[in-house]
Participant: 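The following block contains the structure, expressed as structure tokens.
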Amino acid sequence: MADTVIRNATIIDGTGGPRFTGDVAIEDGHISEVGSSSSRSAIEVDATGLVLAPGFVDVHTHDDGALLQHPDMEFKISQGCTSVVVGNCGFSAIPAVVGKKTLDLSGVDANWTDLEGYRHDVEKVGPAVNAMMLVGHNTIRSLEMGNERRAPRDGELERMREHIGLAMEQGACGFSTGLIYRPGRWSDTEEVLELAKAVAPFDGIYATHMRNENDYLLEAVDEALDIGSKAGVAVQISHHKAAGKRNWGKVKESLAKVDAAIAEGARVTLDVYPYTAGSGPMIQYFDIKNPNPELAQAIQLASCPAFREYEGRMLVDIAAELQITAPEAVRHILTAPDGKQTICIQHTMDEGDILSNLRHDRVMIGSDGIPDLGGRPHPRLYGTFPRVLGRYVREQGILDLESAIRRMTSLSCDVHGLTDRGRIAEGKWADLVLFDPELVVDVASYEDPKRESLGIQNVWVNGQLAFNEGSHTQTGSGKVLRYREH
Ligand code: ZN
Ligand code: CU
């Protein structure tokens with residue numbers, strides 16, 4: 001007897017193939033039947049008029065610490081996400097030193113040193129969603145070299161390679177860089193290549209927040225593709241974008257480079273979040289001695305522990321009120337006690353570039369949300385997936401629903417080694433989302449970002465109901481997955 005039968009759903013199976021109507025039965029965490037189910041079950045769900053899809057995979061997250069701090073993961077499960085890839089942009093919760101803060105974006109107190117230890121602690125709290133780990137360059141470089149602005153010595157490079165090897169043995173899917181951030185930016189191509197080679201024996205991926213996403217975007221794409229081809233690994237370009245007005249439109253040229261590389265046999269994918277603003281640690285974007293005035297104009301404060309009253313406001317308005325220049329306001333904030341913990345939002349991108357990304361069939365969806373719930377986080381944390389489905393699929397017709405779902409599910413699972421997930425087929429894990437295609441849309445805004453989206457009805461994780469018509473069931477059935485493990 002099935003545990004749950006979802007009847008009469010419009011099934012979009014994640015492969016990109018056309019929708020069909022049918023039933024899906026769940027038994028022991030897996031999909032046991034697809035089509036017309038004669039199974040009886042204690043739980044019957046009438047899905048007439050609703051779409052049933054594989055649970056969405058957020059391929060670009062900084063949820064390493066959130067899985068422990070906010071195990072309900074309400075900002076993700078309410079979007080229909082059932083798995084998240086953590087450790088992006090070169091910042092991961094592993095490796096770590098017991099008793100010290102992790103070197104990811106959340107900085108939680110580590111009770112582990114490696115992925116096995118992290119997995120144990122995360123699974124103990126029972127997160128609502130599954131997770132897959134990338135091991136971060138900034139993290140391992142900080143551990144071995146601090147913030148040193150030089151090339152690694154042989155012993156240091158070897159120890160960094162060992163960290164990557166251990167993470168891969170323990171089930172990480174690859175190695176990530178954040179080459180605009182300290183200390184990753186002090187590395188040259190050679191260093192990154194030597195480290196990327198350490199994932200090749202596992203056929204892992206090289207995920208990169210590239211060295212430049214504005215004036216030198218195309219050069220940065222060349223570097224990423226070059227590292228992939230020399231190391232013999234698949235390349236995953238994070239949050240593909242062109243920042244700064246004079247660079248708008250370059251995303252097309254960048255995608256053309258990717259297409260050319262793929263035509264030559266390279267394995268390349270990308271991800272995008274559907275917003276024209278980015279977000280990250282403010283200290284990483286500015287030289288405190290000489291803050292970039294152009295960027296300062298585009299800054300909004302997300303979380304600002306030093307001045308909570310600034311959260312949600314544009315920096316230029318704060319500067320006007322204080323009767324100082326915008327660069328002076330940057331210094332005022334960053335040099336205050338706790339100023340270094342400020343998370344900012346940068347309004348620097350073009351809507352047309354988002355559309356180019358969404359139209360490309362190697363571009364997956366990733367939120368890049370920063371789960372600092374204290375302030376006013378970038379709305380992508382709560383809204384990314386429903387925004388693609390509502391605004392770009394239903395309202396604007398930029399891509400069709402089947403294609404959007406493929407790039408939230410099967411493609412994402414294939415790239416990141418989430419075996420037996422991302423498709424609705426017998427025997428696959430029952431990670432599922434049921435939503436109303438006429439209603440689904442984000443409501444989180446820059447002004448009011450912590451709002452759950454509309455139209456997501458039910459979410460199952462490993463066969464357990466995690467989200468039921470707006471309520472979080474606290475079943476905590478998520479796991480820290482292992483790369484390509486059945
Ligand atoms: Zn990044
Ligand atoms: Cu990121």
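Atoms within a ligand are numbered from 1 in the order they appear, just like the ligands themselves. The figures that follow rest on heavy atoms only: side chains count, while hydrogens, waters and symmetry mates do not.
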Participant: Does the side chain to side chain contact (heavy atoms under 4.5 Å, CB included) test come out yes or no for K479 and V461, once each step is laid out?
Facilitator: CA-CA 9 Å; K479 295 187 173 73; V461 177; over 6 Å; no
Participant: I need the ND1(H209)-the Zn ion (ligand 1)-SG(C89) angle, rounded to 10 degrees.
Facilitator: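 The two atoms form an angle at the metal of about 120°.
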Participant: As a test of reading the structure, name the N/O/S atom of D368 that is nearest the Cu ion (ligand 2).
Facilitator: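 In D368, the N, O or S atom with the shortest distance to the Cu ion (ligand 2) is OD1.
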Participant: Got a sec: is H209 within less than 2.8 Å of the Cu ion (ligand 2) via an N/O/S atom?
Facilitator: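 No.
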Participant: Quick test of your reading of the model: are R380 and D368 salt-bridged, counting only N-O distances below 4.0 Å?
Facilitator: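 Looking at R380 and D368, the cut-off is met.
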Participant: Got F385 and D58 here, is their nearest side-chain heavy-atom distance under 4.5 Å?
Facilitator: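 F385 reaches D58 side chain to side chain.
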Participant: Counting the benzene-type ring for Trp, do H378 and Y275 have ring centres under 6.0 Å apart?
Facilitator: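 They qualify: ring centres under 6.0 Å apart.
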Participant: Tell me yes or no: between the side chains of N462 and R421, is some donor less than 3.5 Å from an acceptor?
Facilitator: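 Short answer, yes.
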Participant: Is the distance from the Cu ion (ligand 2) to the nearest N/O/S atom of C89 under 2.8 Å?
Facilitator: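 Given the 2.8 Å cut-off, C89 counts as a ligand of the Cu ion (ligand 2).
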Participant: Which atom, counting only N, O or S, brings H239 closest to the Zn ion (ligand 1)?
Facilitator: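 Distance check against the Zn ion (ligand 1) picks out NE2 in H239.
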